[in-house]
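Here is the structure we will look at, set down as structure tokens.
We count ligands from 1, going down the list as the structure has it; atoms in each ligand are counted the same way. The basis for the numbers below is simple: all heavy atoms, side chains too, and nothing from hydrogens, waters or symmetry mates. These numbers were taken from a predicted model, which means no experiment stands behind them.
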Amino acid sequence: MKIAVVGATGLVGTVMLKVLEERNFPLTELIPVASEKSVGKEITFKGKQFKVVNMETAIAMRPDIALFSAGGSTSLKYAPLFAEAGTTVIDNSSAWRMDPSKKLIVPEVNAYVLSIDDKIIANPNCSTIQMVVALKPLHDKYRIKRVVVSTYQSVTGTGVKAVEQMMNERKGILDGPMAYPYQIDLNVIPQIDVFESNGYTKEEMKMIKETRKIMGDESIRVTATTVRIPVMGGHSESVNIEFENDFDVADVKALMASTPGIILEDDIDNLKYPMPKDAHEKDEVFVGRIRRDESMPNTLNMWIVADNLRKGAATNAVQIAEFLVKKELI
Ligand code: A2P
């Protein structure tokens, strides 16, 4: 099993390598790929050194799977070239997510739609992934009518430059390189990605459209407000869900606790609820603060936290790869 990690020197690529190593992914050959400036750099994987190669070399090596996290335009250009060489691409960018001919996958929710013909598979947006893991079992049991989500997203979701901006600001350096239009430390920015003509940001529209596509149900109404906060890693979400059918809060908690990939942390007497610092480097989605919305019938409030670089990106991609291997779909 030859695995290429495209963007191996980047923030998500580095975590992909770590997750492949930790989960003991059955690979026989690792091909780390990055831009020309990184070619020849050494990457350590399972105690061995691997040299970074460029795209052309990687395509010629015909990997079985390529995990891509090198930006949207790189993916648009190169993912089809890998696919033509027989590689199955799992792409973390937004390039292919809403393409009707491509599957958008969160393994716990819809891996069953994958077939051997899917040569470019899209990994969803980080905030969408952690939300749908919790929504799916609830939709199956109570049927979701509408979701209102507000996010509290960390700076690692933007990349290295954003981490540097926040750390500079913490040291009092306010004229360093800016990833955001405003100071992020000691601040909250109600804008993630660019604005669209309807007044929503692209990130908000991703959450709306991707949720329906992954859940396979265009009737689910979703509205989102996505917000950047000065937290290093881990995204949090306040989610309000209106169901067609009524529920029992204790049953909802039991359902969350028994769903693979979810950890229920909901014990308010002991001040237990999910927080991003606790989700750090964890592969699961953490759920808590489950309570009835007393202002609306059949409606629930919950709080969802996950490591955005793990379940929100690298882990989800590796889990898709694991599914393909297990089901012999490559
Ligand atoms: P490099 O480090 O050589 O620039 P991040 O999202 O953290 O900025 O990382 C982006 C990743 O994608 C890096 O590993 C980067 O490599 C890689 N990358 C960017 N553009 C290309 C390209 N045209 N070909 C291959 N890798 C690319």
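- Taking a distance limit of 4.0 Å, we find that atom 6 (O) of ligand 1 is approached by no protein heavy atom.
- Close approach of ligand 1 to Leu11 is summarised as follows: ligand atoms under 4.0 Å from at least one heavy atom of the residue are 7 (O).
- The residues Lys282 and Asp307 are annotated as not salt-bridged, no charged nitrogen and carboxylate oxygen being separated by less than 4.0 angstrom.
- Proximity of atom 26 (N) of ligand 1 to the protein is indicated by at least one non-hydrogen atom lying closer than 4.0 angstrom.
- Between Asn24 and Lys46, the side chains place a donor N or O and an acceptor N or O closer than 3.5 Å (distance only, hydrogens not considered).
- Between Gly7 and ligand 1, an N or O atom pair is found at a separation short of 3.5 Å.
- Between Pro26 and Met1, every side-chain heavy-atom pair lies at or beyond the 4.5 Å cut-off.
- Arg143 and Asp217 are joined by a salt bridge, as a carboxylate oxygen and a charged side-chain nitrogen come within less than 4.0 angstrom of each other.
- Ligand 1 has a nitrogen or oxygen under 3.5 angstrom from a nitrogen or oxygen of Gly10.
- Contact analysis puts Ala8 in contact with ligand 1, with a non-hydrogen atom separation below 4.0 angstrom.
- Between the side chain of Ser93 and the backbone N or O of Ala95, at least one donor-acceptor pair lies under 3.5 Å.
- Side chains of Asn125 and Glu203: a donor on one and an acceptor on the other come within 3.5 Å.
- With respect to Glu281 and Lys18, a salt bridge is recorded, a charged nitrogen being found less than 4.0 Å from a carboxylate O.
- Protein heavy atom at the shortest distance from atom 19 (C) of ligand 1 is Ala70 O, 4.0 Å.
- Ligand-side atoms of ligand 1 in range of Thr9: 1 (P), 2 (O), 3 (O), 13 (C), 14 (O), 15 (C), 16 (O), range being under 4.0 angstrom from any heavy atom.
- Ligand 1 has Thr74 within reach: a non-hydrogen atom of the residue lies less than 4.0 Å from it.
- Each of the following atoms of ligand 1 lies closer than 4.0 Å to a heavy atom of Lys37: 1 (P), 2 (O), 3 (O), 4 (O).
- Taking every heavy atom of Ser69 and a limit of under 4.0 angstrom, the matching atoms of ligand 1 come to 11 (C), 12 (O).
- Salt bridge Lys102/Asp91: absent, no basic N to carboxylate O contact under 4.0 Å.
- Considering each of Met55, Glu56, Lys77, the one bringing a non-hydrogen atom nearest atom 24 (N) of ligand 1 is Met55.
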